[in-house]
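Naming: A, B, ... by sequence-line order, numbering from 1 per chain.
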Amino acid sequence: MSLAWISKLALAAGLLASPTLGWAQSVNISYLTHWSPETVALLDAAAKDYAKSNPDVTVTIRAVPFGDLLTTLRSQGGSSDGPTIGGIYDLWLPELARDKLVAPAPDTVAGEVKSAWPAGVVSAASVGATLYGIPNEIDVYALNYNKELFKRAGITAAPKTWSELKDAAQKLTRKDAGQQGFGMINSWAAGVVHPFASLLVSNGGELVKDGKPMLDSPQAGETFQLYEDLIKSGASDPAMATADANTTGPFLDNFVSGKTGMIIMANWWESALKSGMGDKFSNIATAPIPVGPSGDKPHSISYSWMTVVNANAGQAEQKAAWDFLAWLNSPKSGKNGASAMSDILMSMGILPTRTSDIEAHKDKLGSEFLSGYVSVLADAKPFPVVPGGQEFSESLQQTLEALQYGQLSAKDAQANAQADAVSILERAAK
Amino acid sequence: MIRTYRASAGIMLAPAVTLIGVFILLPMLLTIWLSFQDWSTQTPFSSASFIGFDNFREIFGPTSVGRDFKRALLNTAIYTALSVMLILPLSVAFGLMVYQRDVAGGTALRTVLFSTYMVPMIAVTLVWSKLYSPSEGPLNQMLGLAGIGPQPWLSSPRSALISIVVLNVWQQIGYFTVLAVAGLTQIPGSLYEAATLDGANRHEQFRFITLPLLRRTLLFSAVIAIINAVQVFEPVALITQGGPVGSTNVLTYHIRRVGIERAQGGLGSAMAVMLMLALIVVVCALFAYANRKDDQ
């Protein structure tokens, strides 16, 4: 064969092979989140940064309301065309892992996470000894209060105990002005259950211990009673407490417009407060959860979020997803030694979890608003992550809402909550 | 000859029957079969295990599963009944108004009424959630101008479901008005002329001519309104999430929560079967009632 023929054949083979190789190398992955459009824009920018050094990987960001996130993951995660990456709440992990919707992290990622994140956070992203996600945020609860309303009511310091809380709530209540002393939340499971659980652990109680519900304890009884007292005294108005699918709504509107004196909420709503209040955000201060009569010191419950990879996605997509997540959460991707993920989280007032990120954001974490949350991190108790946890949360939500609206007494609410929790957790454990 | 005719009829009907069988009957049968199984929606059908009537016992039992289902069933029934009770009389009233050929602006009014039906439910829901806002909502502001204090609307278990019914009626009324107008056009004008000659006033004409001759239209409207109401989902999912205190937790939303969020496919299927049975019973009862009236 002449050289000319060999050259022609080589050229033809090259032309035939090049598009095939090109297609084989390009990977499209999608990232499902519940973040707001502003935050999604930041994530999109990070994905574009990643694409500069990884031109064959395209990351598409997709957002749904928080209320639809689990449903979307469950309904689409079973297929290879579903979202490749999903941001999930740790409570959902045991059941998503049981149903094989999320993939275990590869050894390299697992090794990196175990060495660079605190052990408690790593355990929340694991089922047994298997790590399933890269942790990103941790949320804790604190008492948020309006300093201006406190001043007007003649209250000089944030309440430290439940009796001080009830007293302050009473002083802050002005029914004629549509103002409530202490804000509760309803129509949103975590918004109802987490503040209750934070008060419960600050009273020496627990929601679940060794897989068994502990809502029949005297400490839980006192917490139910606190809710009843606040409602009956008029210091809390359940009609001002509703939330919508985006975890916003009247409960938030009433706090930002100065119609709620105090509320127990997580750190992540800093961005919502800032956008709702503008300059008046400086009126808001945070304090540890008031301690109940049976408690020793303030505690909060904590919960974390992580990013997981769809176990049903193709091998190339899974690999690209883990590589992207490893980069997104590494100190190389953000500013000043922080990860791009932590920069995104901090834009919302969310506490990052990677040890190097906490160090990199030390200044911002010391702000007046966030320092109140950072101070309770050490004594925070993780929200129990058990099979059936979501159903347990929703059931407790119903009971607490019935208590808020006066449909149940504190005693009946406690009995109902415990009976329901026993049946739900027993069934889920089977 | 008859055999050839039957064969060709069978061939012509086969595509439609096959499509109905595959896309309607098969899913229905599958749902019924799953309602007797213990099955997670995240696992293949082959992993389902037969548990008899356990799912049905559970959804009617005293635990939180049973309580939530019964509450959702009741909420759906109330929502449906209120929707139908408001939509039917209003559609007839609006139909009579826009049907008046000698009244100026009838066509414009008909267009405005029907336009609400063309707006997607999601958009309607978002707008109404702001209208109902307790602090900044225009509804409470208007009530305030009239000296009436702010109403909780979606924030109270007493009024949340009714508020969603109002939203539904507002959106659907245009469509049912068009149906009512179509029914009115079928009534011969000579009947009214004869009644006028006999001395019947407007009220008597409406009672003894319009209403009886609109019965078939109203029956059709009622069936469609019931089916639409039973399928309510968007306002609950977007605004209330079934709350407060489960007061707006309707069956479609609850089945999604149980069957998809919690992956309890067997329980969710049992709930769907009960919803289907309830719907069949109600629609059959309605037809039976209408047929009895016809016989009389």
Chemist: For B:G246, is there any backbone N or O sitting under 3.5 Å from a side-chain donor or acceptor partner on A:Q398?
Modeler: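 Yes, A:Q398 side chain to B:G246 backbone: donor-acceptor pair under 3.5 Å.
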Chemist: Taking all atoms of both residues into account, what is the closest heavy-atom pair of A:Q407 and B:V245, and its distance?
Modeler: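 What the structure gives for the nearest pair is OE1-CG1, 3.2 Å.
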Chemist: Can you tell me how far CZ of B:R256 sits from OG of A:S75, rounded to the nearest 0.5 angstrom?
Modeler: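 Reported to 0.5 Å precision, the distance equals 8.5 Å.
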Chemist: Between A:E394, A:K259, A:K100, who has the most heavy-atom pairs with chain B when the cutoff is under 4.5 Å?
Modeler: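 Highest number of heavy-atom pairs under 4.5 Å: A:E394.
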Chemist: Determine, for A:E95 against B:R262, whether the closest basic-nitrogen to carboxylate-oxygen distance falls under 4.0 angstrom.
Modeler: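 No, no charged N to carboxylate O under 4.0 Å.
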Chemist: In terms of heavy-atom proximity below 4.5 Å to chain B, should A:P238 be classed as side chain, backbone, both, or neither?
Modeler: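 Backbone only.
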Chemist: Determine whether A:R74 and B:E261 make a side-chain contact, defined as any pair of heavy atoms from C-beta on separated by less than 4.5 Å.
Modeler: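 When only atoms from C-beta onward are counted, B:E261 and A:R74 do not touch, as no gap falls below 4.5 Å.
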Chemist: Could you look at A:Q397 and say if it's the side chain, the backbone, both or neither that has a heavy atom under 4.5 Å from chain B?
Modeler: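 Neither part; nothing is under 4.5 Å.
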Chemist: Please name the pair of heavy atoms, one in A:Y405 and one in B:S156, separated by the smallest distance, quoted to 0.1 Å.
Modeler: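 The answer is CE2-CA, 4.1 Å.
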Chemist: Looking at every non-hydrogen atom in both residues, tell me the closest pair between A:E391 and B:V65 and how far apart they are.
Modeler: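 Smallest interatomic distance, heavy atoms only, reads OE2-CG2, 3.8 Å.
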Chemist: Please flag which part of A:T71 lies under 4.5 Å from any non-hydrogen atom of chain B: side chain, backbone, both or neither.
Modeler: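 Both parts, backbone and side chain.
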Chemist: Drop me the distance from B:S40's OG to A:D99's CG, to the nearest 0.5 angstrom.
Modeler: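 Nearest 0.5 Å value for the OG-CG distance: 4.0 Å.
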Chemist: Does anything in residues 138-155 of chain B get under 4.5 Å of chain A by heavy atoms, and if so which residues?
Modeler: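 Under the 4.5 Å heavy-atom cut-off, B:P152, B:L154, B:S155 qualify.
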Chemist: What's the shortest heavy-atom distance between B:Q241 and A:S187, and which atoms?
Modeler: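 Shortest heavy-atom separation between B:Q241 and A:S187 comes out as CB-O, 3.6 Å.
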Chemist: So which part of B:R158 gets closer than 4.5 Å to some heavy atom of chain A, the side chain, the backbone, both or neither?
Modeler: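 Neither part; nothing is under 4.5 Å.
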Chemist: For residues 226-236 of chain B, give me every residue with a non-hydrogen atom less than 4.5 Å from any non-hydrogen atom of chain A.
Modeler: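 Near chain A, by residue number: none.
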Chemist: Using non-hydrogen atoms and a 4.5 Å limit, figure out which bit of A:I424 sits close to chain B: side chain, backbone, both or neither.
Modeler: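 Contact with chain B involves the side chain of A:I424 alone.
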